[in-house]
Amino acid sequence: MVPDTTKPTAQVQPPRCTDMKTLDRERYSISVPCTGVEVPAKQCSVIMKGIRGGCSMFTDCQYKPKYVMDCENDNGRKVVLIDKEHASSSVITSMEDAKIREVLVPLTYKNWSAAQIIRSFLAESIPDTDVVSGFEIVGHIAHLNLKDFHEPYKVMIGQVILDKNPSIKTVVNKLNTIHSKYRFFDMEVLAGEDNFITTAIEHKIKFSMDFSKVYWNSKLGTEHRRVVDAIPVGATVLDMFCGIGPFALPLARKGCHVHANDLNPESYKWLVKNRDLNGIGTKLLTCYNMDGRDFVREFSGGQIQYVLMNLPASATEFLDVFVGLYSVEKASQCPIKVFCYHFAPVDSPEESTLESVREVLGAEPEKPSVHLVRKTAPKTWMTCIEFVVPESVLRGENQTKRTKTE
């Protein structure tokens, strides 16, 4: 009979090191007293199976110690680590030659998880919810978004992330400053190589980039797929703020005719490289490096079916490009569907997004649908509004064109 274990066994934790200013891995080498049962080697599997295996006090460790240890003298016996409450299990008590004993289990820096190590040196006033345990991975780069109170610990945090993730070669922290013209964040290297050239893979497409000079967010992969799936094969698509191509490349690969633009020359450079890297021809994907409004106006004489506007901080301001874009006759024959991204307050994201579109168009968008993409801050939603541009807007009726530039 297995004893009642509804009360979880306390997890072993590394020593507190709040006085540590630089990472000292040796301070994490300790010996932990643990209950064990000494039995002939051939009986180990019986115990492991009978008590459902192992000692649960090490569950949180990244690398758990061996649950079967050698005895001090090589006498054909082993020690199986168990939870103390399992000592009275019938599986053990029924063995005549089983011996309950205490053993010291050695643990080192290698055994502890990154979260355990970081928690150990953060001030006790910092809540567990603010321990750095998750981060974005872009190729060989780990991208952190640390808070102000992490500042004294940031170098140690970066080193721990580097140590505990063999595939990571560079750990960076996003700074609060953002490039006002090209909309990418400044960042600092916390640990590892000062190398921002990397490659991410999303939906079987490779995206090479200089992560320090372009915008990339791996958390948007599901949204990229949602939009790509919504646009039919063969459609003509204008990607107004395309970045390095998270929409443009998969759309072109599925057979859409994509014209992709970005004002940032670095984004344009990597877009072209990624088109070639993925074997996508110029007939399906044409790349541009120009102002967003000028880009759309270049196609006013052709047929535009879909326009993507992935610049949530200011995309709605650029909707004025559709005002008077077409002649009266063409406006009725060539409808344009828009996917426009926006940052909206968390208490009314749908209505706020709609109102921002109405304000710039000067009209009610046709067939609007607001999709909540993700929370980017406690009080902010990233949204995507899909709508058809009204004919009256395309004809420029009762509208005043704006002359802003991107």
Side-chain angles (χ1 to χ4, degrees), residues 179-184 207 209 213-216 224 227-228 231 234-253 256-276 280-327 330-331 334-342 356-357 360-361 365 384-390 393-396 399-406:
H179 195 288
S180 59
K181 187 175 183 180
Y182 299 141
R183 306 301 293 175
F184 61 83
F207 295 90
M209 71 194 86
K213 296 180 180 178
V214 302
Y215 180 80
W216 176 265
H224 298 153
V227 173
V228 169
I231 297 177
T236 299
V237 183
L238 270 59
D239 193 347
M240 199 169 173
F241 315 109
C242 68
I244 64 171
F247 290 114
L249 291 169
L251 280 168
R253 172 164 282 183
C256 295
H257 299 280
V258 183
H259 299 275
N261 172 71
D262 203 278
L263 185 63
N264 182 353
E266 280 290 320
S267 295
Y268 170 77
K269 179 181 79 174
W270 290 102
L271 174 68
V272 174
K273 287 179 179 290
N274 289 328
R275 179 185 63 187
D276 298 340
I280 297 172
T282 56
K283 290 184 178 180
L284 290 175
L285 177 57
T286 310
C287 306
Y288 304 80
N289 176 214
M290 58 194 299
D291 171 82
R293 290 186 180 88
D294 292 342
F295 166 68
V296 173
R297 290 171 184 143
E298 284 278 317
F299 294 89
S300 61
Q303 184 175 2
I304 305 170
Q305 293 177 294
Y306 294 87
V307 177
L308 308 183
M309 303 177 69
N310 183 20
L311 190 67
S314 58
T316 55
E317 298 175 13
F318 289 82
L319 291 171
D320 61 3
V321 72
F322 298 112
V323 178
L325 183 67
Y326 284 166
S327 65
K330 188 173 182 180
C334 301
I336 299 175
K337 183 171 183 177
V338 174
F339 292 77
C340 183
Y341 289 86
H342 184 63
S356 295
V357 173
V360 179
L361 292 181
C384 176
I385 180 169
E386 305 169 26
F387 66 92
V388 176
V389 182
V393 173
L394 292 173
R395 292 194 298 264
Q399 301 287 336
T400 301
K401 278 193 175 184
R402 301 184 181 186
T403 57
K404 290 183 180 179
T405 57
E406 184 181 347

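Count residues from 1 along the sequence.
Using modelled atom types and a 3.5 Å distance limit, the side chains of H342 and S356 yield a donor-acceptor pair.
The nearest pair of heavy atoms linking M309 to V338 is SD-CG1, 3.8 Å. Residues A260 and A248 come closest through the heavy atom pair CB-CB, 3.7 Å. Shortest non-hydrogen contact noted between I244 and N274 is O-ND2, 3.5 Å. Across A252 and L285, no two heavy atoms sit closer than the pair CB-CB, 3.9 Å. The two residues P250 and P246 have their closest heavy-atom pair at CG-O, 3.1 Å.
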| request: Decide yes or no on side-chain contact (heavy atoms from CB on, under 4.5 Å) for I336 and Y306, but give the supporting numbers first. | output: CA-CA 6 Å; I336 299 175; Y306 294 87; over 6 Å; no

| request: Evaluate the side-chain contact (heavy atoms from CB on, under 4.5 Å) criterion for residues I231 and L308: first the C-alpha distance (whole Å), next the side-chain angles of each, then the deciding distance (0.1 Å), finally the verdict. | output: CA-CA 11 Å; I231 297 177; L308 308 183; 4.1 Å; yes

| message | Using side-chain contact (heavy atoms from CB on, under 4.5 Å), reason through Y326 and I304 one step at a time and then give a plain yes or no. | response | CA-CA 10 Å; Y326 284 166; I304 305 170; 3.6 Å; yes

| Does the pair K273 and M209 meet the rule for a side-chain contact (heavy atoms from CB on, under 4.5 Å), with working shown? | CA-CA 9 Å; K273 287 179 179 290; M209 71 194 86; over 6 Å; no

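Within the 4.5 Å cutoff, the side chain of T316 has heavy atoms near those of the C340 side chain. Contact annotation: the side chain of T236 never approaches that of Q303 to less than 4.5 Å [non-hydrogen atoms, C-beta and beyond]. The closest side-chain heavy-atom distance from F339 to I385 is not below 4.5 Å. Two residues are said to be in side-chain contact when any heavy atoms from C-beta on lie closer than 4.5 Å; D239 and H259 fail this criterion. The shortest distance between side-chain heavy atoms of D262 and M240 does not fall below 4.5 Å. Contact annotation: the side chain of L361 approaches that of F387 to within less than 4.5 Å [non-hydrogen atoms, C-beta and beyond].
Put simply, the side chain of N264 gets close to the backbone of K213: a donor and an acceptor are under 3.5 Å apart. Checked by atom type and distance alone, the side chain of R275 never pairs as donor or acceptor with a backbone atom of T282 at under 3.5 Å.
Of the inter-residue distances, the one linking C287 atom SG with K269 atom NZ reads 14.0 Å to the nearest 0.5 angstrom. The distance from the CG atom of L249 to the CD1 atom of I280 is 4.5 Å, given to the nearest 0.5 Å. Here the CG atom belonging to L325 is positioned 12.5 Å from the CZ atom belonging to R293, to the nearest 0.5 angstrom. One finds the SG atom of C242 at 4.5 Å from the CG atom of L271 (value rounded to the nearest 0.5 Å). In this structure, the separation between SG on C384 and OH on Y341 is 4.0 Å, given to the nearest 0.5 Å. The CD atom of Q305 sits 12.0 Å away from the NZ atom of K337 when rounded to the nearest 0.5 Å.
Between F241 and F318, a ring centre-to-centre spacing shorter than 6.0 Å is recorded. Here the two rings, on F299 and F295, have centers that are under 6.0 Å apart.
Within a 6.0 Å radius of NZ in K330, more than 12 heavy atoms belonging to other residues, nucleotides or ligands are found.
Between F247 and H224, the ring-plane angle classifies as perpendicular under the 30° and 60° cut-offs.
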